[in-house]
Amino acid sequence: MNKFLIFFLFSVFASAQNQFKENLSYKTFSAKVIGISDGDTMEVLYKKTPFKIRLAHIDAPEKRGKQPFGNNAKMILSDLCFGKIVTEKAEKYDRYKRLIAVIFNDKGENVNHQMIMLGMAWHYKKYSGDPVYSNLESEARKNRVGLWQGKNPIAPWLWRENKKKNESRNFKSRNLRYS
């Protein structure tokens, strides 16, 4: 009897919590941008609840890893939408529980497109087969806009991979010194 009561109370509590967390996958909604983490991640406030949005189809230079143009990308994203009500066309959630979405700012501009056109992000082909983003990136490269001004810009996914390898090497060499 006690096990049944505990299971019942747990089930009621769990379902009550799920009612407060709306699944926004594949929905379109508006929210206020309250934070910019980097060039492809923002925080929005929707129905008095803050949560993270990851811009779909793009990958911007790393801010934390001090990748060239990382801070520039964050500033441009902020200029495009910080403090404004934006429209999100949501796709799905990623493994970090961020909602993947295409963002439209208060001027009706597709922010994801703008980040590519301004040379502040790559088309993230690993997760996007949309040819529009490839074309926008090709145009930005050809016009040497933003990060394409550099001689050999490194894609963020390669930057992260190299950073992990370097951290791993540094960790191993530190351990060898102290063994």
Side-chain angles (χ1 to χ4, degrees), residues 7 9-65 67 69-118 120-137 147 154-164 167:
F7 176 75
L9 290 173
F10 178 76
S11 298
V12 168
F13 178 73
S15 70
Q17 281 203 333
N18 287 338
Q19 289 174 359
F20 292 111
K21 188 174 182 182
E22 186 177 346
N23 184 347
L24 297 170
S25 294
Y26 305 102
K27 293 186 179 175
T28 299
F29 61 96
S30 294
K32 183 173 184 172
V33 178
I34 59 171
I36 303 293
S37 304
D38 56 31
D40 54 34
T41 309
M42 63 176 60
E43 187 170 20
V44 299
L45 189 63
Y46 176 70
K47 292 186 179 180
K48 299 180 182 177
T49 303
F51 63 92
K52 295 272 187 184
I53 300 275
R54 173 69 165 77
L55 275 65
H57 308 284
I58 73 168
D59 199 7
E62 292 296 310
K63 188 180 93 46
R64 283 182 301 177
Q67 183 176 1
F69 283 90
N71 286 327
N72 301 55
K74 178 184 177 181
M75 287 188 298
I76 295 294
L77 183 58
S78 182
D79 290 346
L80 288 167
C81 55
F82 180 73
K84 299 172 184 169
I85 303 294
V86 297
T87 301
E88 287 90 355
K89 285 189 173 242
E91 294 181 3
K92 60 185 178 179
Y93 290 90
D94 69 5
R95 67 180 181 219
Y96 303 111
K97 298 182 181 164
R98 299 174 299 185
L99 186 61
I100 308 296
V102 175
I103 307 298
F104 294 88
N105 65 15
D106 59 340
K107 296 176 185 170
E109 297 170 322
N110 180 322
V111 173
N112 306 48
H113 285 176
Q114 289 293 315
M115 292 300 288
I116 299 256
M117 289 169 29
L118 296 169
M120 291 294 132
W122 276 257
H123 176 209
Y124 207 177
K125 293 175 184 166
K126 179 178 180 180
Y127 297 105
S128 167
D130 190 328
V132 171
Y133 290 89
S134 287
N135 293 337
L136 292 172
E137 181 183 312
L147 61 90
I154 299 170
W157 53 89
L158 297 174
W159 182 271
R160 290 187 293 267
E161 190 178 298
N162 289 337
K163 192 169 187 257
K164 278 183 192 174
E167 286 172 357

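All values below come from the heavy atoms of this structure, side chains included, with hydrogens, waters and symmetry mates left out.
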Chemist: Give a yes or no on whether a salt bridge exists between Arg64 and Asp38, defined as a side-chain N under 4.0 angstrom from a carboxylate O.
Modeler: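 Judged by the 4.0 Å cut-off on N to carboxylate O distance, Arg64 and Asp38 do not form a salt bridge.
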Chemist: Quick one: do Asp59 and Arg54 make a salt bridge, cutoff under 4.0 Å?
Modeler: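 Result for this pair is yes, salt bridge flagged.
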Chemist: Do His123 side-chain atoms and Ser128 backbone N/O form a donor-acceptor pair below 3.5 Å?
Modeler: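 Answer holds: yes.
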Chemist: Mind checking whether Asp106 and Ile85 have side chains closer than 4.5 Å, heavy atoms only?
Modeler: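 Contact flag for Asp106/Ile85 side chains = no.
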Chemist: Do other residues, nucleotides or ligands put more than 12 heavy atoms under 6.0 Å from Lys92 NZ?
Modeler: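 No.
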Chemist: For a quick check under 3.5 Å, do Ser25 and Asn23 share a side-chain donor-acceptor pair by atom type?
Modeler: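 Yes, side-chain donor-acceptor contact under 3.5 Å.
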Chemist: Between Lys52 and Thr41, is any side-chain donor less than 3.5 angstrom from a side-chain acceptor?
Modeler: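 Looking only at side-chain atoms, Thr41 and Lys52 do not form any donor-acceptor pair under 3.5 Å.
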Chemist: Heavy-atom distance under 4.5 Å between the side chains of Ile58 and Met120, does that happen here?
Modeler: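 When only atoms from C-beta onward are counted, Met120 and Ile58 do not touch, as no gap falls below 4.5 Å.
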Chemist: Is the backbone of Ile154 close enough, under 3.5 Å, to the side chain of Gln67 for a donor and an acceptor to pair up by distance?
Modeler: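 Flag set: sc Gln67 to bb Ile154 pair under 3.5 Å.
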Chemist: With heavy-atom distances below 4.5 Å as the criterion, would you say the side chains of Ile53 and Glu43 are in contact?
Modeler: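 Of all side-chain heavy-atom pairs linking Glu43 with Ile53, none is under 4.5 Å.
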Chemist: Taking the side chain as every heavy atom from C-beta outward, state whether Glu22 and Tyr46 have any pair of such atoms under 4.5 Å apart.
Modeler: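 Of all side-chain heavy-atom pairs linking Tyr46 with Glu22, at least one is under 4.5 Å.
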Chemist: When the ring planes of Phe51 and Phe29 are compared, do they come out parallel, tilted or perpendicular, using 30° and 60° as the limits?
Modeler: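 Rings of Phe51 and Phe29: tilted, 30 to 60°.
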Chemist: Do the side chain of Asp40 and the main chain of Lys74 share a donor and acceptor less than 3.5 angstrom apart?
Modeler: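 Absent.
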Chemist: Between Lys84 (side chain only) and Asp79 (backbone N and O only), is there a donor and an acceptor less than 3.5 Å apart?
Modeler: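 Answer holds: yes.
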Chemist: Using a 4.5 Å cut-off on heavy atoms from C-beta on, say whether the side chain of Val102 contacts that of Thr87.
Modeler: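 No, side chains not in contact.
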Chemist: Rounded to the nearest 0.5 Å, what separates atom CG in Leu24 from atom NZ in Lys47?
Modeler: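 Result: 8.0 Å between the selected atoms.
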Chemist: Is the backbone N or O of Cys81 less than 3.5 Å from a side-chain atom of Asn105, with the two atoms forming a donor-acceptor pair by type?
Modeler: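 Such a contact is absent between Asn105 side chain and Cys81 backbone.
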Chemist: Does the side chain of Ile34 reach to within under 4.5 Å of the side chain of Pro50, using non-hydrogen atoms?
Modeler: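 Sidechains of Pro50 and Ile34: in contact.
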Chemist: Determine whether Trp122 and Leu147 make a side-chain contact, defined as any pair of heavy atoms from C-beta on separated by less than 4.5 Å.
Modeler: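 Side-chain contact under 4.5 Å: yes.
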Chemist: Can you check whether Phe104's main-chain N or O pairs, donor with acceptor, with Asn110's side chain at less than 3.5 Å?
Modeler: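 It does not hold such a pair.
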Chemist: With rounding to the nearest 0.5 angstrom, report the CD to CE distance, Gln114 to Met117.
Modeler: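 Those atoms lie 4.0 Å apart.
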